Number of protein chains: 2
Amino acid sequence: MKSAQCDKRLAILQAALELIAEQGFHGAPMAMVADRAGVGAGTIYRYFENKDLLIAELYSALEQKLKVVLMEGYLPEKPIRERFIHLGRALLRYCIENPLHFRYIEQFHNSPYGVAFRRDKILGKQGECDVFRELFDDGVAQQVMKDLPLVILFALAFGPLLTVVRDHILNFITLDEPLIARTVEACWDGIRR
Amino acid sequence: MKSAQCDKRLAILQAALELIAEQGFHGAPMAMVADRAGVGAGTIYRYFENKDLLIAELYSALEQKLKVVLMEGYLPEKPIRERFIHLGRALLRYCIENPLHFRYIEQFHNSPYGVAFRRDKILGKQGECDVFRELFDDGVAQQVMKDLPLVILFALAFGPLLTVVRDHILNFITLDEPLIARTVEACWDGIRR
DNA sequence: ATGTTCGGAATAAACGTTCATTCTTGGTGG
DNA sequence: CCACCAAGAATGAACGTTTATTCCGAACAT
């Protein structure tokens, strides 16, 4: 059957997600991933060439899913401020509801894997991922955002959001819907002219 | 002699700092640290009980040094805005001039070691480190800052700063003095009422 | 001579990966 | 309907490498 194969593949991805998100890359040896997925150690290599590719593939899947969620209900014709607030809130909500996804993506970014990835994203082909780039370019052009380099605006917007999510997941604070709204609006104050 | 011992000790710390900052914890096996420090592999264990303690001690030293630098020229009697700008600028300057220190501290925070550390810092004994806490408490009390939980204000202030330093070190952008000033002021916009 | 420090080969544990073997399955001939 | 079989999937013990740590003889200072 096809579904049986898919089951195992998904089980492996899920096990890797949980272990790596919770314990980091070191805390997730292949044997442990196999164990949690309920498969033999060698089975993983039937679905993924090696550990690096498993990690990269999982990252791509999560990134893809996040992108989809962010675009849900995004209206490009609304004013820039509203578009930003929408994206910020959606991002916070998604990360809070999927802490494992968030933690995994963070682990990935803070690893040797992630650096090359981000370098390509920011400097290389700017063809995609550009809901954000477009929004910020618009914002600067229309003079509703500060006239700062794109990278700085990104930092002002997402630096606080990701920090806040980290703190929420580590139980340093509890984010509810009103607090989310106020936080995103504070971020807007940082970038708006 | 005392200085000979101190030399080796410092050489080991410096070697660990460089390797871990540049390559992460994985890229810094003890044998390599010993090599770069110009000592035998076993010698490290005369100065540090094990790798974990070496890592923790190095972190404490860097944190201590950073704290001292931030307090240089800090005037508690100045207005809150000025105090914040001073701290922000000093932080950016220090991290840019000492990228290895910054990278090491980041590596530490994003590792199993760092989490317990931060938990103690934020939730536990609030007796120290409190230049920031005091400043933000004041800011909220005097109503010049937004009435948000301390953790959120911290995120709004330092999230962007640390992100920006990361981007600078990775060569995504080049921070000069004017850009530093404008970035810190944008952060202030995020937290001010 | 004697006590202290050093070095790097030796050690044991842990890791990613492989591979010879076993198990499962779906089709085929009787 | 059953017995059989080829072929793909799954397994986990075994392997080679890498790691932190130990240990003992050499080098040095006193």
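Keep in mind the model is a prediction, meaning the values are calculated, not measured. Reminder, nothing fancy here: chain letters follow the sequence lines and each chain counts from 1.
Within the structure, a side-chain polar atom (N or O) of A/Y47 is placed less than 4.0 Å from OP1 or OP2 of D/dA10.
Of all heavy-atom pairs spanning A/Q107 and A/F25, the tightest one is O-CE1, 3.4 Å.
Counting to the nearest Å, the C1' atom of C/dG7 and the CD1 atom of B/I12 are 12 Å from each other. Atom CG of B/D35 and atom C1' of D/dA20 are 16 Å apart (whole Å). To the nearest angstrom, P of D/dG12 lies 12 Å from CD1 of A/I44. Between A/R46 atom CZ and D/dG12 atom P the separation is 15 Å, expressed in whole Å.
A donor-acceptor pair is defined here as one N or O able to donate and one able to accept, closer than 3.5 Å; no such pair exists between the side chain of B/H86 and the backbone of B/E82.
Note on A/D138 versus A/R83: salt bridge recorded, some NZ/NE/NH1/NH2 to OD/OE distance being below 4.0 Å.
At least one side-chain heavy atom of A/E177 sits less than 4.5 Å from a side-chain heavy atom of A/I180.
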(message) Assess the residue pair A/Y59 and A/H109 against the criterion (side chain to side chain donor-acceptor pair (under 3.5 Å)); give the C-alpha distance rounded to whole Å, side-chain angles, the decisive distance to 0.1 Å, and a yes or no.
(response) CA-CA 10 Å; A/Y59 174 78; A/H109 275 122; 3.2 Å; yes
(request) List the steps, then state whether side chain to side chain donor-acceptor pair (under 3.5 Å) holds for B/Y113 with B/D52. (result) CA-CA 8 Å; B/Y113 308 111; B/D52 285 5; 2.9 Å; yes
(request) Could you encode protein contacts along nucleotides 13-19 of chain C as a string, one character per nucleotide from 5' to 3', using B for base contact, S for sugar-phosphate-only contact and - for no contact, with a heavy-atom cut-off of under 4.0 Å? (result) --SSBB-
